[in-house]
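One structure is given here, and the rest of the page talks about it.
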Amino acid sequence: MEKLKDCKNEDQFSIKYLNGTDEQKRHLQNLGFIPTSVINVINTNEDNMIVQVFDSRIAINSEVSDNVYGTILKIKKEKPKRLILFRKG
């Protein structure tokens, strides 16, 4: 089981459960972070993350993303580097 914090850009994440106080859980559920829902990670940096929950984009910090547990469904694959060959002559 991974944390939402472990996701990279363009990953999909399926929520299994929420950690934290009852008030924190209720606030996340009101935003759409419901167990079994799938969210898309739009952008990440060291401390913050922008995720798409249903039709809304939400910015969250690392404390929040550290309390959301689930499974990474789709991992962004690195594009293969193109090899360019030059001919002499």
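We use all heavy atoms of the structure for the numbers below, so side chains are in, but hydrogens, waters and symmetry mates are not.
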Sequence neighbours excluded, which residues qualify as side-chain hydrogen bond (donor to acceptor under 3.5 Å, both in side chains) partners of Lys16?
-> none

Among all residues two or more places apart in sequence or in another chain, which pass the ring-ring contact (aromatic ring centres under 6.0 Å, His included) test with Tyr69?
-> Tyr17

Criterion side-chain contact (heavy atoms from CB on, under 4.5 Å) on Cys7 and Ile72, from CA distance to verdict = CA-CA 7 Å; Cys7 289; Ile72 299 174; 3.8 Å; yes

Is it true that Phe13 and Ile42 fall in one hydrophobic cluster, defined by side-chain heavy atoms closer than 4.5 Å?
-> no

State which residues pass side chain to side chain contact (heavy atoms under 4.5 Å, CB included) with Gln24; sequence neighbours excluded, sorted by chain then number.
-> Thr21, Asn67

Do Ile39 and Ile15 have side chains that get closer than 4.5 Å, going by heavy atoms?
-> yes

Quick one: does Leu28's side chain get under 4.5 Å of Ile60's, heavy atoms only?
-> no

Please report the shortest heavy-atom distance between [X] and [Y], naming the atom on each side.
{"X": "Gly32", "Y": "Ser37", "result": "O-OG, 3.6 Å"}
{"X": "Lys25", "Y": "Leu18", "result": "CE-O, 3.4 Å"}
{"X": "Ser62", "Y": "Lys5", "result": "CB-CE, 4.1 Å"}

Mind listing the side-chain donor-acceptor pairs of residues 44-54 below 3.5 Å, one per line with the distance, residues two or more places apart or on another chain?
residue : atom : partner : partner atom : Å
Thr44   : OG1  : Asn9    : OD1          : 3.0
Asn45   : OD1  : Asp47   : N            : 3.2
Asn45   : OD1  : Asn48   : N            : 2.8
Gln52   : NE2  : Phe54   : O            : 3.3

Which residue pairs satisfy the salt bridge (Lys or Arg N to Asp or Glu O under 4.0 Å) criterion with at least one member in residues 56-68, sequence neighbours excluded?
-> Lys3-Asp66

Inter-residue atom distance Gln29.CD - Ile34.CD1, 0.5 Å rounding = 7.0 Å

Which pairs pass ring-ring contact (aromatic ring centres under 6.0 Å, His included) with one or both residues in residues 19-44, sequence neighbours excluded?
-> none

